[in-house]
Number of protein chains: 2
Amino acid sequence: MEVHLSNFTIQVNDNIYLKNPDSSDLGKKIISHSIMMIEQDGLENFTFRKLAKRIKSTEASIYRYFESKHKLLLYLISWYWGWMEYKLVFGTANIEDPQIRLEKAIKILTETIEEDRTFSHVNEVKLSQIVISESSKVYLTKDVDEENRKGIFTPYKQIVERVGQIILEINPNYKYPHMLVSTVVEGAHLQRYFADHLPRLTNNIDGEDSVVNFYMDMVIKNIQK
Amino acid sequence: MEVHLSNFTIQVNDNIYLKNPDSSDLGKKIISHSIMMIEQDGLENFTFRKLAKRIKSTEASIYRYFESKHKLLLYLISWYWGWMEYKLVFGTANIEDPQIRLEKAIKILTETIEEDRTFSHVNEVKLSQIVISESSKVYLTKDVDEENRKGIFTPYKQIVERVGQIILEINPNYKYPHMLVSTVVEGAHLQRYFADHLPRLTNNIDGEDSVVNFYMDMVIKNIQK
DNA sequence: GTATTAATGATAGTATTACTATTATTTTTG
DNA sequence: CAAAAATAATAGTAATACTATCATTAATAC
């Protein structure tokens, strides 16, 4: 059973954009095509000039939405975390047993992403590839502290907090809930990247999703009293 | 007791440089000052022009050692992994019990770095800061596959392999040795970065090195039969 | 001690990037 | 239909990441 929610949009911190790309056709084109282009050529080879050419607009027009390429990436990553939180909330709603709720949450956070037709101009599969290979670049900058102050990373922190809470429900004495969750989330991305490009840094066993299994197992064993 | 090894240098894959920076005074200056500058201003704000000015040389001269800023970063990271392997080999030599050997290895990989006076032109403390905040950028590129083919990442893979072997000595049936080691290594870096910049993504408990304790515990619990 | 070679310095130049600024045109809305 | 808002067209700038050329200095070989 697939549920379709209309009238549902992911809210992104408005410090990130100059003009909300969700508010116009051009804005949506900027988002959808930048996802395709960054996924294909990488952030390093992506420029507003190329994007403008592709969507038959101009650099100046794109700059009215985002003041830099870094901000556009921030928008995409932020959108992703907002979307992930919506998936988490829906996916774990009405599950009484915190152990099962936690397992569901870890699965959602570590499994490979499938298309979600709720948000038509965003290709979530490609976006998740961008998250895997580019998301750490949004905070590994000299501007982290300032951007953090502006609340740019709250969607991510909220997810870590939310799943950390489930862990504490199961074991209130567990000392490292945030550490465990961020290790899982970042680790899952990295292991998928390694599987594609540096396979000797990971282990991929046929017939299973090793990333999900490894991190699921890790969480369960770690929080045991 | 501190042991000083002279006549000991870290070998770096010679596909990385045009001319070995270890072979001249200028080369060593390039390394030592780039470490200081990148640590302070970040890779993004570091340029060969600024470096040249600082060491009173010229851009052209630096380009005779490294064909790009990315290659210079690769050199630094590679040197670091070579150095880490030497620390691992010495630190775990003559330890019979594989369990104790593994614990020593994990400690070496996750603890904060202290100065090593064996290699005079390299400040290992600053270099480790660079590794924490910039190292993932060396493989999160569109050129990974090609650089991997040239053997640029072997020092890192060797460490993962080496520690993975100890894990298999303890539990030959453990399915994810490489995954576990790379999760620990990358996780330790990230958690230290989070502690400094995004503290809500981690847990730092007074009076202990939470990063070491968390990952030590994780490894032990994970490989249990 | 000089000739030869290698290393470095000085200087200049190029394509690209990441923007900013200005004005013209089109589209939307009251 | 007029006014306002959005977008397009065009041009320009400072900085970056290099490449090229030639002069000078240092190292080494005989």
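So that the names make sense, note that chain A is the first sequence line, chain B the second, and so on, each numbered from 1. These numbers come from a predicted model, not from an experiment.
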Sugar-phosphate only, base, or nothing, as touched by B/Glu59 at under 4.0 Å among non-hydrogen atoms: base
Whole-Å gap separating P (C/dT16) and CZ (A/Phe48): 19 Å
Atom-pair distance (NZ on A/Lys56; C1' on D/dT7), nearest Å: 16 Å
Separation of atom CD in A/Glu44 from atom P in C/dA18, rounded to whole Å: 11 Å
A/Tyr17 and A/Tyr75 aromatic ring geometry - parallel, tilted or perpendicular at 30°/60° bounds: perpendicular
Any A/Thr58 side-chain nitrogen or oxygen under 4.0 Å from OP1 or OP2 of D/dT7: no
Ring centers of A/Phe48, A/Phe66 separated by less than 6.0 Å: no
Comparing B/Ala60 and A/Ile55 on DNA chain D - which has the more 5′ nearest nucleotide: A/Ile55
Distance, rounded to the nearest Å, where A/Lys69 contributes NZ and D/dA15 contributes P: 19 Å
Interatomic distance, A/Leu26 CG vs C/dT27 C1' [rounded to whole Å]: 13 Å
CD/A/Gln11: more than 12 non-hydrogen atoms of other groups inside 6.0 Å: no
Atom-to-atom span, OH of A/Tyr63 to C1' of C/dA21 - whole angstrom: 13 Å
Verdict with reasoning, A/Glu161 to B/Arg200, per salt bridge (charged side-chain N to carboxylate O under 4.0 Å, His left out): CA-CA 8 Å; A/Glu161 175 63 27; B/Arg200 306 207 38 186; 3.6 Å; yes
Distance test, side-chain N/O of A/Ser24 to OP1/OP2 of C/dT28, below 4.0 Å: no
Any B/Thr47 side-chain N or O less than 4.0 Å from OP1/OP2 of D/dT16: no
Contact under 4.0 Å: B/Ser61 side-chain N or O vs C/dG9 OP1/OP2: yes
Nearest-Å distance for atom pair CZ/C1', residues B/Arg49 and D/dT19: 13 Å
For atom OH of A/Tyr65 and atom C1' of C/dA18, their distance in whole Å: 20 Å
Identified side chain to side chain contact (heavy atoms under 4.5 Å, CB included) counterpart of B/Trp81 within the set B/Phe153, B/Tyr86, B/Tyr156: B/Tyr156
